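Each chain gets a letter, A, B and so on, in the order the sequences are listed, and its residues count up from 1. All values reported here derive from a predicted model rather than from experimental measurement.
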2 protein chains.
Amino acid sequence: MSKKERQQQLLHLIGGNPFVTDRELTRQLKVSIQTIRLDRMELGIPELRERMKQMAEHSYDQVRSLPADEVIGDIVDLQLDKSGISIFEIRGEHVFSRNGIARGHYVFAQANSLAVAVINDEIALTASADIRFVRMVRLGEKCIAKAQVRSQAGRGGKAEVDVFTYVGEELVFQGHFIVYRSAVEDNSEGGNRSVDRH
Amino acid sequence: MSKKERQQQLLHLIGGNPFVTDRELTRQLKVSIQTIRLDRMELGIPELRERMKQMAEHSYDQVRSLPADEVIGDIVDLQLDKSGISIFEIRGEHVFSRNGIARGHYVFAQANSLAVAVINDEIALTASADIRFVRMVRLGEKCIAKAQVRSQAGRGGKAEVDVFTYVGEELVFQGHFIVYRSAVEDNSEGGNRSVDRH
DNA sequence: CTACATATTAGTACCAGGTTCTAAAGAACT
DNA sequence: AGTTCTTTAGAACCTGGTACTAATATGTAG
């Protein structure tokens, strides 16, 4: 068997069972353990423990990625149809486990929640957004999002909201949201209370 | 701190971060490593590697026994640096209670997670995104997000990923993501093991 | 206070499953 | 024969532990 063939086999074996050790592979491929290791290096395949770690982290991050949680961030100031401020502290469950950097959608969620909250309408929904993650946000940092309503159509129209998120003095995120303010289909089952806070 | 209290703390710490080593725990609990190990034994908590192995096996089993269409909120297909598919079912906790319409950031989160997952790099982070919520998503609907990598720079560059999310045949969301593929910023404070995956 | 029990710490030997490095032997072409 | 690629071997070292022994603290009942 040629080197190429063997490496193909190796890829296939590890692909078929990522939990295989080098020692087991020597039995199946009938070459020395050094050859197996050289092959893994050439193919960029990490060792068993690293493979398991990556799988574990991946599935763990997956689990963490969507909380069954409601509002992202505390809205501390709200002037309807004008502006709003929300505070959100990045905690362990919001970051990638290995490097402590916040997952983008939490930062987005805070801004999105605020953009929607600031629009004074029964239903406000994000129609589109243009966003930029200016710098990474890390575990423990406190994000302060400030929203400004830029333009408005009347009932049933659209509103534009700019949101800037800071950590201290530093801009970390900016977003331009277009939010629908629709007086639509109020199939409300029960009291319509004031503002829809995301 | 009593033994009971410490063991409760230990359970909490490992529950909060299963990837913690005994050595790190000694720092947080201010007891010797032997005490940590005795506590783990009494509590029946396996060692770090065993914990990771179990998580890896668990997720692997799930991926393997993939009934493909009844999977919820999961990445069901992933070709690194090429494409990926994720399925997410909108449940009660994801919608506005009044009208049953999904909160935008859940739809975004699905797309964002997928866009990041599809990029094969140690750290992949969303740099910016241009998104459009094409139509509202309702309670009970199943969102199928399909990601396509459009362009790539090498290591340390950017990649562009398009994500389209459908409910049935209907497009509900589209997003154009620019994802940083950054070669780890190694602010190593000591034991930096191998590779940091996202 | 003493005696015993429990809790904690320390230290050693050992393990799996590797990495990293050096070195040598085999094969293969030309 | 000389050069290069491939394969094998072996030793040192690494992490994150287990298993075991032994010494020291701390508490608690008699």
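Between B:Glu47 atom CD and D:dA19 atom C1' there is a gap of 13 Å when expressed in whole angstrom units. Rounded to whole Å, atom P of D:dT6 lies 9 Å from atom CD of A:Gln7. We find that CD of A:Glu50 is positioned 14 Å from C1' of D:dC14, with the value rounded to whole Å. Put simply, CZ on B:Phe19 is 17 Å from C1' on D:dT15, counting in whole angstrom units. In this structure, A:Leu38 atom CG and D:dA9 atom C1' are separated by 12 Å, rounded to whole Å. Atom CD1 of B:Ile36 is separated from atom C1' of D:dT18 by 16 Å (rounded to the nearest Å). C:dG18 atom P lies 7 Å from atom CZ of A:Arg51, rounded to whole Å. Summarising the geometry, the separation between CD on A:Glu42 and P on C:dT20 is reported as 15 Å, rounded to the nearest angstrom.
You'll find that the side chain of B:Lys3 is closest to C:dT8, out of D:dG17, C:dT8, C:dG18. Considering only side-chain atoms of B:Thr21, the nucleotide from D:dT8, D:dT6, D:dG16 that sits closest is D:dG16. Of the candidates D:dT7, D:dT18, C:dG18, the closest approach to any side-chain atom of A:Arg40 belongs to C:dG18. Side-chain proximity of B:Leu48 to D:dG16, C:dT8, C:dT20: nearest is D:dG16. Comparing C:dT9, D:dG17, C:dT19 by their closest approach to the side chain of B:Ser32 singles out C:dT9. Side-chain atoms of A:Asp22 lie closest to C:dG18 of the nucleotides C:dT8, C:dG18, D:dG16.
Summarising the local packing, CZ of A:Arg150 is surrounded by more than 12 heavy atoms from other residues, nucleotides or ligands at distances under 6.0 Å.
Between B:Arg49 and B:Gln34, the residue anchored nearer the 5' end of DNA chain C, judged by the nucleotide with its closest heavy atom, is B:Gln34.
Aromatic pair A:Tyr106/A:His94: centroids less than 6.0 angstrom apart.
Within the 4.0 angstrom heavy-atom criterion, no nucleotide atom of any strand lies near A:Ile33.
OP1 and OP2 of C:dT8 both lie 4.0 Å or more from every side-chain N or O belonging to B:Thr35. A sub-4.0 Å separation between OP1 or OP2 of C:dT8 and a side-chain N or O of B:Arg37 is absent.
In this structure, a donor-acceptor pair under 3.5 Å is absent between the side chains of A:Asp130 and A:His176. For the residue pair B:Asp162 / B:Gln148, no side-chain donor-acceptor distance below 3.5 Å is found, with atom types taken as modelled.
The two residues A:Met55 and A:Pro18 have their closest heavy-atom pair at CE-CB, 3.8 Å.
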